[in-house]
Amino acid sequence: MPTPRAGEELMHETAYAKLNLALHVRARRADGYHELETLFAFVDAGDRLSAVPASRDELRTLGEFGGELLDPFTNIVAQALAALPHGQGWAVTLEKNLPVAAGLGGGSADAGAVFRMVEAAHGLPDNWAQRAAKLGADVPACVRSEACIGLGTGTELASIPNTMAGTPVLLVNPRLPLSTGPVFKAWDGVDRGPLPQGDMRAIALEGRNDLEAGAIRLCPAIADVLAALTATGPLLARMSGSGATCFALYEDMAQAEAANARIAQSHPGWWRLLGRLR
C-alpha cells in the first residue's frame, strides 16, 4: 500500500465484484459485438485500490492474483488514469483479490474504482460515461457499482429499484481463466427472448445466462461448480458473465455460510468469496 508523506492524503476504494444476475444475448451485431440485456448487481467485496500523489502515474500490483497482471502499463487501471484528468500523478497500488478472466468484471471494477477516486478528488468530466465505455463494456456500470439494467453492449444503463440489497451471495470459481471472446463465439445464436418483467428478484429468478452452455463446453468444470452450488439449496445458482465464476443467492447468511463451508470441504482448491449484494 502506498505510504503518504506528511500533508499527503491516502485515497482508497473498493473495486466491487460485478455479477450478471441474468444475461440475455439477443443478437450478433455487424460490428462484432452482441446485443445484450443484463441485470447487473455488485458484491460488497472485491479488489482494493489505494493511491497517493506522485510525480507521475505509477501502478503496483499485489494480492492473490496480482501476479497474473503481467504488464502494469497496459493494465486497465493505468488506462483509466490516462482517460481522466486527475491533477498530478498518482502512485496506485492494486490489491488483486478477484480472479482474472472470471466473469466478475474484475478489470472493469478496478477501472470503476479509479473513476470514483478521481470523482472524489477532482470531479468527473461530463462525458465520463463515454470515456468509461471506451475502456470496456462493463466499465460504465462498474463506475457506480449499483444494481441496474444494461442494454446494447451493456453500456446503456437503466436504473432499477434495488430490492435485493443485503442478499447473501457465495461466489465460486474453479481457478480456471476463461476469456470473454471465445465464450461469445460459442453462443448458439438463438434469441431466447428479453429479460423478464418485474422487480429485481423476479428478473433474477426467472432470467437466464445465455452464455452458460457455451462456456461449459469450453470449461466443463463450470458445470461441476453449478452442481455443487445447486446442492446447497440456494434461491438461485448461475454463472456470472462469461464465466467461469458462478454464484448462489441465499435467503439468509447462515445458509450461505453453511454452503461456503460445505464447498470448502468438498472442493478445497476452488476460489470462494462470501458476501452480500450491495
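What's counted below: heavy atoms across the whole structure, side chains too, no hydrogens, waters or symmetry copies.
- Formation of a donor-acceptor pair under 3.5 Å by the R238 side chain with backbone atoms of L226 is not found in this model.
- The main-chain N or O of H86 is found under 3.5 Å from a side-chain atom of H122 such that the two form a donor-acceptor pair.
- By the side chain to side chain donor-acceptor pair (under 3.5 Å) test, N20 is found to be paired with K18, T38, residues two or more places apart in sequence or in another chain being considered.
- Residues satisfying the side chain to side chain donor-acceptor pair (under 3.5 Å) test with S240, not counting sequence neighbours, are none.
- Cation-pi geometry between R278 and Y16 is met: under 6.0 angstrom from the ring centre, within 45 degrees of the axis.
- Using a 4.5 Å heavy-atom threshold, the side chains of Y250 and L235 count as separate.
- Here the side chain of H34 pairs no donor or acceptor atom with the backbone of R28 at under 3.5 angstrom.
- L98 has its side chain within reach of W271: a pair of non-hydrogen atoms, C-beta onward, lies under 4.5 Å apart.
- Remark: side-chain polar atoms of R272 are not paired, donor with acceptor, to backbone N or O of V172 under 3.5 angstrom.
- Closest non-hydrogen pair, A186 versus G214, comes out as CB-CA, 3.8 Å.
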| query | Can you list the steps and then say if W90 with L59 is a side-chain contact (heavy atoms from CB on, under 4.5 Å)? | reply | CA-CA 8 Å; W90 286 9; L59 175 61; over 6 Å; no
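- Side chains of T93 and R48: a donor-acceptor N/O pair is absent below 3.5 angstrom, by distance only.
- Of all heavy-atom pairs between A54 and Q88, the closest is O-NE2, 3.4 Å.
- With rounding to the nearest 0.5 Å, the separation of CG in D57 from CG in L81 is 4.5 Å.
- Side-chain contact check for F115 versus L135: some heavy-atom pair is nearer than 4.5 Å.
- Looking only at side-chain heavy atoms (C-beta outward), L151 and I149 come within less than 4.5 Å of each other.
- Using a 4.5 Å heavy-atom threshold, the side chains of D199 and P161 count as separate.
- Aromatic ring pairs are classed by plane angle as parallel below 30°, tilted from 30° to 60° and perpendicular above 60°; the pair H267 and W270 is parallel.
- A side-chain donor-acceptor contact under 3.5 Å links D252 to the backbone of Q255.
- Counting only distance, with no hydrogens or angles, the side chain of R208 and the backbone of L195 share no donor-acceptor pair below 3.5 Å.
- Judged by the 6.0 Å and 45° rule, R144 forms a cation-pi pair with W128.
- Classification of R26 and E37 as a salt-bridged pair holds, one side-chain N sitting under 4.0 Å from a carboxylate O.
- S159 places none of its side-chain heavy atoms less than 4.5 Å from the side chain of C148.
- No donor-acceptor pair closer than 3.5 Å links the side chain of R276 to the backbone N or O of V43.
- With 3.5 Å as the limit, one finds no donor-acceptor pair spanning the side chains of S108 and D138.
- Using a cutoff of 4.0 Å between basic side-chain nitrogens and carboxylate oxygens, E251 and R201 are scored as salt-bridged.
- With no hydrogens or angles considered, no side-chain donor-acceptor pair links R262 and T232 at under 3.5 Å.
- Checked by atom type and distance alone, the side chain of H24 pairs as donor or acceptor with a backbone atom of G193 at under 3.5 Å.
- R29 has a carboxylate O that lies under 4.0 Å from a charged side-chain N of E35, or vice versa, which qualifies the two as a salt bridge.
- Panel note: side chain N97, backbone G46; a donor-acceptor pair is recorded below 3.5 Å.
- Between the side chain of D110 and the main chain of V77, no donor-acceptor pair closer than 3.5 Å is present.
- Side chains of L277 and F42 form no contact here, defined as non-hydrogen atoms less than 4.5 Å apart.
- In this structure the side chain of L104 reaches within 4.5 angstrom of the side chain of L171, judged on heavy atoms.
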